[in-house]
Amino acid sequence: MSSNFHFLLILVFLISLQPTISTSSSSIDLIQKTCKNTKYYDLCVSSLKSDSTSLKADTKGLATIMVKIGMVNATATNTFLSSHELVLNTTNYTNNDVVLMKKLLKDCADKYALATNALQDSLQDLNNEVYDYAYLHVMAAADYPNVCHNGFKRNPRLDYPTQLAIREDGFKHICDVVLGILDALGW
């Protein structure tokens, strides 16, 4: 679990690309207050602090920032899966297993693309202040990795890649943070 948290912190740091700036007390207070409504307080605070736009954001803006972080995460996982890097580690598998592994990884990449699309839809819902639909789209996005994982469960000869499991957990944690922030909007 600790390695998952570290992976998320590193990912948030790398995607932020924003210079670190001093923060005002009221901005930090809103971030901390908002993040207390989430399952992953530390992830929420560190993610939001890594984005300089959070300093001027209201709660809706903080939700938007976290959705965008989720989109970057899902897109990065899709790219990782599409690179076939995991297929290179299949020396213990038969040729048929390697073919199946490639198919499963392509299916997983497709699911992460759909997760990105669902989060994009949630951004539109946030902009339109249709928070119930934003919530549903984030829930859908969080569920797409389950389809990927279930594909491996149906094929017990193939191990679910550890790197993918870490990415799945990280993505789900980000979605859980978004859901907590959406709850704080009081719709």
Side-chain angles (χ1 to χ4, degrees), residues 4 7-18 30-31 34-35 37-41 43-86 103-151 163-187:
N4 291 345
F7 170 76
L8 290 172
L9 287 178
I10 291 169
L11 181 63
V12 167
F13 174 75
L14 291 175
I15 64 172
S16 68
L17 300 178
Q18 299 289 335
L30 178 61
I31 290 170
T34 302
C35 291
N37 292 318
T38 70
K39 290 170 92 175
Y40 302 101
Y41 176 83
L43 171 63
C44 179
V45 169
S46 65
S47 298
L48 292 173
K49 282 184 177 179
S50 74
D51 188 312
S52 63
T53 62
S54 68
L55 301 176
K56 295 181 181 170
D58 58 5
T59 305
K60 177 181 157 185
L62 297 177
T64 299
I65 292 166
M66 283 304 301
V67 168
K68 289 178 180 178
I69 289 171
M71 290 172 62
V72 169
N73 182 287
T75 300
T77 301
N78 171 283
T79 301
F80 172 73
L81 290 166
S82 297
S83 74
H84 300 291
E85 183 177 321
L86 291 173
K103 181 188 178 319
L104 286 172
L105 292 175
K106 183 190 178 320
D107 289 347
C108 289
D110 292 344
K111 298 309 174 217
Y112 278 92
L114 291 170
T116 301
N117 292 343
L119 290 176
Q120 181 65 47
D121 290 342
S122 75
L123 278 181
Q124 184 175 354
D125 297 332
L126 277 167
N127 288 333
N128 294 330
E129 297 184 357
V130 186
Y131 301 128
D132 54 343
Y133 281 102
Y135 197 93
L136 288 172
H137 282 120
V138 174
M139 285 179 52
D143 197 43
Y144 280 116
N146 290 332
V147 178
C148 172
H149 199 142
N150 289 339
Q163 294 172 348
L164 184 53
I166 291 168
R167 288 170 179 267
E168 176 186 343
D169 286 344
F171 179 71
K172 287 180 177 182
H173 290 170
I174 291 168
C175 289
D176 282 340
V177 168
V178 175
L179 293 173
I181 295 173
L182 289 172
D183 282 338
L185 288 171
W187 47 277

Nearest non-hydrogen partners of L164 and C148, listed with the distance: CD2-SG, 3.7 Å
Can you name the nearest heavy-atom pair linking F171 to G70, along with the distance? CE1-O, 3.4 Å
D107: which residues meet the salt bridge (charged side-chain N to carboxylate O under 4.0 Å, His left out) condition with it, sequence neighbours left out? K103
L119 and V67 have their tightest heavy-atom pair at O-CG1, 3.4 Å
Shortest non-hydrogen pair, Y112 vs E168, comes out as OH-CA, 3.4 Å
So which heavy atom on I181 is nearest to which on A63, and how close? CG2-CB, 3.5 Å
Kindly write out the residues that satisfy salt bridge (charged side-chain N to carboxylate O under 4.0 Å, His left out) with D176, not counting sequence neighbours, or none if the list is empty. K39
Listed partners of Q120 passing side chain to side chain contact (heavy atoms under 4.5 Å, CB included), at least two apart: M71, L123
Minimal heavy-atom distance between K60 and L185, with the atoms involved, is N-CD2, 3.6 Å
In chain order, what residues pass the salt bridge (charged side-chain N to carboxylate O under 4.0 Å, His left out) check against D58, with sequence neighbours excluded? none
Which residues share a side chain to side chain contact (heavy atoms under 4.5 Å, CB included) with A184, sequence neighbours left out: N37, T59
Ignoring hydrogens and angles, tell me if any N or O in the side chain of T38 forms a donor-acceptor pair with the backbone of T34 under 3.5 Å. no
Quick check against the 3.5 Å criterion: does T75 have a side-chain atom that pairs as donor or acceptor with the backbone of V72? no
Can I get a per-line list of side-chain donor-acceptor pairs under 3.5 Å for residues 135-146, giving both atom names and the distance, sequence neighbours left out?
from	atom 1	to	atom 2	distance (Å)
H137	ND1	D125	OD2	2.5
H137	ND1	Y133	O	3.0
D143	OD1	N146	ND2	2.6
N146	OD1	K172	NZ	2.3

Side chain proximity check, L81 to N78, heavy atoms < 4.5 angstrom: no
